[in-house]
Amino acid sequence: GGLGSMIVHSTKDLYSLKDIASNKEFNQQDMWILEQYIADADSSSVILFSRDSGVDIITTTEQLVEGLYYKGNKFPSSSTQTEKMKDITLKVSREIWKQGYRGFLNFDFIEKEDSLFISEINFRMPYSFYPVKFVQNNYPPQTPFTIETTSLDLVNNGIPFYIKKN
């Protein structure tokens with residue numbers, strides 16, 4: 001999900017992509033990725049940091065998603081597949097580390113029953129990092145919290161999210 005995402009129900013919906021192509025901001029050289037929409041699935045993420053000495057997991061989160069729209073995170077993750085997600089992200093991240101990448105990595109997963117899919121890897125600090133670090137620095141380990149996004153017109157003191165203790 002996210003900005004610019006859309007659900008295509010049939011090939012007829014693909015014709016609406018012509019409208020996107022007529023948009024001034026659309027670059028004809030842009031590449032598009034289409035992926036299957038998995039209904040009634042859960043979404044989780046693993047935040048890592050790659051430094052010269054290796055790769056560290058910062059936390060795992062459950063993403064709050066309504067349709068294609070990100071609404072926040074709950075952490076730590078209560079997913080039954082957390083250890084599997086950690087194993088996958090460490091294996092992939094170590095290969096990326098060997099190629100010289102240093103910095104944040106954020107793996108997004110889709111979970112459906114016993115199936116687990118990586119939906120994307122972001123090479124940047126994720127939106128949820130700031131509130132996660134705030135909680136980790138100010139509360140006992142494994143304290144459960146929910147981070148909810150706000151609309152920009154509700155931003156309080158420049159922070160576009162609410163942190164609620166569960």
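As the structure is a computational prediction, the values presented were derived from the model and not from experiment.
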Could you give me the CA-CA distance, side-chain angles and deciding distance for Asn73 and Leu64, then say whether side chain to side chain contact (heavy atoms under 4.5 Å, CB included) is met? CA-CA 5 Å; Asn73 295 73; Leu64 305 175; 5.7 Å; no

Find out if a path of hydrophobic residues (ILVMFWY) with successive side-chain heavy-atom gaps under 4.5 Å connects Leu116 to Val92. yes

Report, as yes or no, whether the 6.0 Å neighbourhood of atom CG on Asp114 holds more than 12 heavy atoms from other residues, nucleotides or ligands. no

Evaluate the ring planes of Phe145 and Phe75, with Trp represented by its six-membered ring, and classify them as parallel (under 30°), tilted (30 to 60°) or perpendicular (over 60°). parallel

Any non-hydrogen side-chain atom of Leu48 less than 4.5 Å from a side-chain atom of Thr89? yes

Is it true that Ile47 and Phe49 fall in one hydrophobic cluster, defined by side-chain heavy atoms closer than 4.5 Å? yes

Pair Tyr101 and Phe123, ring centroids less than 6.0 Å apart: yes

Value for OG (Ser45) from CD (Glu120), rounded to nearest 0.5 Å, stands at 10.0 Å

Would you give the length of the straight line joining atom OG of Ser43 to atom NZ of Lys112, rounded to the nearest 0.5 angstrom? 13.5 Å

Among Ser44, Ser79, Ser78, find the residue that satisfies the side chain to side chain donor-acceptor pair (under 3.5 Å) test when tested with Glu62. Ser78

Does any non-hydrogen side-chain atom of Arg102 lie less than 4.5 Å from one of Trp97? yes

I'd like to check Ile121 versus Leu105 (side-chain heavy atoms, cut-off strictly below 4.5 Å). Are they in contact? yes

Heavy atoms only: give me the nearest Thr60-Lys86 pair and the separation to one decimal. CG2-CE, 3.9 Å

State, yes or no, whether a side-chain contact exists between Ile58 and Gln136 at a heavy-atom distance under 4.5 Å. yes

Begin with the C-alpha distance, continue with both residues' side-chain angles, and end with the deciding distance and a verdict on side chain to side chain contact (heavy atoms under 4.5 Å, CB included) for Asp108 and Asn106. CA-CA 7 Å; Asp108 288 345; Asn106 186 55; 3.2 Å; yes

Taking side chain as C-beta onward, heavy atoms only, is Thr61 less than 4.5 Å from Thr59? yes

Is the shortest heavy-atom distance from the side chain of Met85 to the side chain of Ile118 under 4.5 Å? no

Heavy-atom side-chain contact between Ser93 and Phe107 under 4.5 Å: yes

Are Ile96 and Ile88 connected in the hydrophobic side-chain network, where two residues link if heavy atoms are under 4.5 Å apart? yes

If you round to the nearest 0.5 Å, how far is CD of Glu113 from CD of Gln81? 10.5 Å

Trace of the side chain to side chain contact (heavy atoms under 4.5 Å, CB included) decision for Val46 with Ile57: CA-CA 7 Å; Val46 180; Ile57 292 178; 4.1 Å; yes

Point-to-point distance, once rounded to the nearest 0.5 Å, from CD1 of Ile110 to OG of Ser115: 12.0 Å

The test is side chain to side chain contact (heavy atoms under 4.5 Å, CB included); show your working for Asp42 and Gln63 and say whether it passes. CA-CA 8 Å; Asp42 295 319; Gln63 296 181 335; over 6 Å; no

